[in-house]
Amino acid sequence: MENVRKRLSSENIKRYTTLHSLFVLLTIPFWIYIMHMSTSGAPRGLFGIGFLGGILLLYILYELIQNVDGGTDFITKDVKRLFARDNVLDTAALLTCAAITLVTCVYLYTNFRSLIDRGYITQPETVIAASFTLVMLYLTWRSFGMTFLAVVIAGIAYGLYGNFVPGTLGHGGLSLDRTFRILVITVDGFFGFLTQLTAAWIALFLLYAGMLKAYGAFDLILRAAVRSAKYISSGVAQTAVLASAVIGSVNGSQTANAGMTGSFTIPMMKKNGVKPATAGGIESVASTSGQVLPPVMGAGAFVMASLITGVSYVDVLVAGLIPAAILMISIVVAVHYVAAPQIENPEMKGHFDVKLSQLELALEGIKFGIPLLILIYLLGIAQWTVQTSAFYTVLSMAALGIAIPTSKTAYDTSSIRLIFWQFVDTIKQTIDGLREGVVVLAPVAIILAAINGVVDLFEATGVPGAISLALMDLSGGVLVLGAIMAMIICIILGLGMPTTAAYTVVALLIAPTFVHDFLLPDFAAHFFVFYAAILAGLTPPIATCVAVATGIAGSNFWRTCFEAVKISAPLFILPFSFLYHPEIVDHGGEFGGGVLLTSFLILLGALAIIHGLNYQFDLNRAPALALRGVFFALGVTLMVFPEFIVQVGALAVVGFLYLTQAAVGEETPLSRLTTITSGINDRQK
């Protein structure tokens with residue numbers, strides 16, 4: 001209990017007496033506004049204006065805090081530091097952005113009804129819209145760098161100067177007035193459906209993620225992963241898979257997830273003997289896998305539910321269960337193949353300074369488990385709306401996050417002072433959760449607002465239809481050719497973007513082609529582009545997720561990319577399974593025998609690919625490469641080929657090759673199974 005008092009010492013309180021204090025205090029009314037608007041039935045457009053204005057102002061304030069090293073001095077010294085010679089230009093730019101954002105959002109909020117009904121833009125409104133567009137460009141660059149800024153600028157330039165583009169993708173071009181009207185004044189563009197979706201659905205889930213982190217859920221997840229790892233020799237690497245997948249499902253960015261969980265899992269793997277490139281590759285793939293894992297799917301599920309007519313959020317989650325299971329099983333097997341031979345200390349002792357008792361672990365499980373059960377019940381059984389379900393999940397998380405630790409302290413001691421300090425500590429954790437929610441939400445809101453602006457310009461120019469025509473023309477109406485070209489486009493458009501933003505772009509530009517021209521079900525088309533879009537984080541030469549993991553691991557970027565692609569190889573093939581076996585996602589929640597059989601064959605195909613690419617064959621280079629190629633080709637056939645009899649034939653060949661490995665000097669599968677089983681039994685003792 002003394003640690004509780006120390007955490008609230010004068011040094012920590014001082015940290016909240018300056019700009020940081022202002023930031024933390026402002027997060028409280030911001031989240032109250034979000035909760036109120038989410039459950040009040042207010043117009044989505046009005047909600048979007050207030051939300052984007054609020055989150056941009058908080059983001060700007062947070063960036064100002066970074067210029068004074070976290071705000072560790074009193075306000076007068078903070079102001080001096082903000083306007084010091086090395087900070088003055090940056091501070092001036094941020095304060096200008098804040099002023100423009102405030103004026104724009106207040107004007108739009110107070111004139112909401114008249115603006116959406118009016119068909120023209122005045123000169124002062126043009127100035128406001130142009131200024132706010134520059135603010136969005138600057139904040140986009142500040143959040144995501146030049147790569148994504150170039151995408152946004154190219155999108156706006158395409159809208160303005162499409163008349164200079166030759167061929168199918170050319171259009172008449174938009175005037176400046178119409179461009180600014182679309183981007184700002186009509187309350188579409190930057191304030192459009194993606195921003196409104198973020199405000200109503202995604203924001204509360206990211207607040208939930210912030211509270212999970214503040215209350216220590218990530219620590220509990222890592223503890224559970226470490227504890228479960230003692231049953232398998234690759235356990236230290238499987239910890240990264242489990243922790244990154246669970247956390248990545250909530251936070252919505254594979255790159256951010258790699259930085260968050262990788263800072264713990266990569267050093268842990270290296271400490272136990274895993275090579276730096278392998279550790280970085282495992283973390284990259286694990287962080288990516290979380291983006292497709294229900295119940296949140298990196299926030300992509302919310303967007304998909306809004307884009308497909310007549311589909312609910314729960315329908316999307318159910319549709320994503322089988323693909324997520326196939327992917328996770330194949331990744332776990334691949335990680336075992338590559339990591340187990342390298343691990344020197346499989347026991348994983350000494351990773352946590354404080355050991356929790358069984359009671360403490362049980363209470364932690366209750367604290368985090370009940371809100372999750374509430375979420376599942378309200379969404380899946382009671383069929384409440386997403387925003388209402390998220391609202392009550394957040395409230396229950398806050399209530400339990402405060403009540404359980406305080407009650408535990410009251411049970412352990414009769415000291416009013418210690419109980420008080422524990423209560424204060426949980427309040428501080430709650431406030432930290434509000435703060436963390438804003439910190440995680442702000443970049444997501446900025447990038448989705450910027451994407452929304454570009455998408456609305458594309459819609460005004462008719463480019464989605466043009467891309468559809470171009471794809472059909474180039475592919476000659478052949479599905480596999482169209483799918484390959486579409487995947488390449490998805491990867492290119494997804495470069496440098498978080499999952500949700502990447503999926504949104506490709507869903508609006510590519511998915512309609514599969515639905516209207518190739519006559520595929522909506523779920524098949526959207527899951528294809530969803531899975532394809534996240535590949536950009538693993539695909540060189542950009543591979544942002546790998547780049548982050550490489551920095552933490554201290555490994556070679558290209559070698560780490562190679563390891564990541566080997567481990568995640570089925571992820572590059574699985575999207576094609578949705579097109580040729582749409583029943584694995586378009587089953588309507590009915591998991592019949594045919595669906596399960598098809599899914600099982602696809603899983604076996606994924607495992608064949610993993611075996612071919614990651615197993616250490618005891619052969620010379622040329623025979624080993626040939627055998628890898630055969631396993632890969634057979635795995636692709638199992639995963640994609642639409643004829644059942646061909647899939648069965650491919651499976652028979654895979655089984656034959658696997659069973660005859662002993663004939664070329666390989667350990668028999670039975671011997672391998674015996675070795676693995678004995679290893680597991682030894683470790684359970």
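Note that the numbering runs from 1 along the sequence shown for the chain.
Ile446 and Ser143 make their closest contact through CD1-OG, 3.6 Å (heavy atoms, listed as atom of the first residue, atom of the second, distance). Between Leu634 and Val654, the shortest heavy-atom distance links the atoms CB-CG2, 3.6 Å. Of all heavy-atom pairs between Gly262 and Pro267, the closest is O-CD, 3.3 Å. Closest non-hydrogen pair, Ala390 versus Phe205, comes out as CB-CE1, 3.7 Å. When every heavy atom of Ala511 is checked against every heavy atom of Ala507, the shortest pair comes out as CB-O, 3.2 Å. Nearest heavy-atom pair across Ala608 and Gly635 is CB-CA, 4.0 Å.
Checking side-chain atoms of Tyr215 against main-chain N and O of Gly433 turns up no donor-acceptor pair under 3.5 Å. Looking at Gln342, its side chain does come within 3.5 Å of a backbone N or O of Lys275 through a donor-acceptor pair. Under a 3.5 Å cut-off, the side chain of Asn452 and the backbone N or O of Leu194 do form a donor-acceptor pair. Counting only distance, with no hydrogens or angles, the side chain of Asp315 and the backbone of Ser312 share a donor-acceptor pair below 3.5 Å. In this structure, the side chain of His581 engages the main chain of Phe641 through a donor-acceptor pair within 3.5 Å. Under the 3.5 Å distance criterion, the side-chain polar atoms of Gln238 are matched with a main-chain donor or acceptor of Val332. In this structure, the side chain of Arg559 does not engage the main chain of Thr278 through any donor-acceptor pair within 3.5 Å. With hydrogens and angles disregarded, a donor-acceptor distance shorter than 3.5 Å links the side chain of Ser306 to the backbone of Val303. A donor-acceptor contact shorter than 3.5 Å links the side chain of Ser577 to the backbone of Met639. Checking side-chain atoms of Lys270 against main-chain N and O of Ala279 turns up no donor-acceptor pair under 3.5 Å.
Ser568 OG to Leu574 CG: the interatomic distance, rounded to the nearest 0.5 Å, is 11.5 Å. A distance of 9.0 Å separates OG1 of Thr288 from CD of Glu283, quoted to the nearest 0.5 Å. In this structure, CG in Leu638 is found 8.5 Å from CD1 in Ile609, a value given to the nearest 0.5 Å. For the atom pair Ile322 CD1 and Glu583 CD, the distance stands at 9.0 Å (nearest 0.5 Å). The distance from atom CG of Leu400 to atom CD1 of Ile374, rounded to the nearest 0.5 Å, is 7.0 Å. One distance of note links CG of Leu571 with CD1 of Ile331; it measures 7.0 Å at 0.5 Å rounding.
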Can you list the steps and then say if Phe562 with Asn556 is a side-chain contact (heavy atoms from CB on, under 4.5 Å)? CA-CA 10 Å; Phe562 177 72; Asn556 176 271; over 6 Å; no
Report the C-alpha separation of Val151 and Val505 in whole Å, then their side-chain angles, then the decisive distance to 0.1 Å, and conclude whether the side-chain contact (heavy atoms from CB on, under 4.5 Å) test is met. CA-CA 11 Å; Val151 172; Val505 173; over 6 Å; no
Can you check side-chain contact (heavy atoms from CB on, under 4.5 Å) on Tyr59 and Arg142, steps first, answer last? CA-CA 11 Å; Tyr59 174 77; Arg142 197 175 181 99; 3.9 Å; yes
Step-by-step side-chain contact (heavy atoms from CB on, under 4.5 Å) determination, Lys213 to Val440: CA-CA 11 Å; Lys213 183 177 181 181; Val440 174; over 6 Å; no
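Residues Ile584 and Phe527 are not in side-chain contact: their nearest non-hydrogen atoms beyond the backbone lie 4.5 Å or more apart. The shortest side-chain heavy-atom distance between Val630 and Leu657 falls under the 4.5 Å cut-off. Annotation: side chain of Ile567 is in contact with side chain of Asn614 (closest heavy-atom distance under 4.5 Å). Proximity of Phe523 to Val318: side-chain heavy atoms (C-beta onward) are nowhere separated by under 4.5 Å. Inter-residue side-chain proximity for Phe631 and Leu613 is flagged as unmet; no heavy-atom pair is nearer than 4.5 Å. For the pair Phe591 and Ser599, the minimum side-chain heavy-atom distance is 4.5 Å or more. The shortest side-chain heavy-atom distance between Leu604 and Phe600 falls under the 4.5 Å cut-off. With a 4.5 Å cut-off on side-chain heavy atoms, Leu434 and Leu207 count as touching.
Tyr337 pairs with exactly one of His611, Lys566, Gln616 by the side-chain hydrogen bond (donor to acceptor under 3.5 Å, both in side chains) rule, that one being His611.
Between Tyr313 and Phe302, the angle of the ring planes stays under 30°, which puts this pair in the parallel group of the 30/60° scheme.
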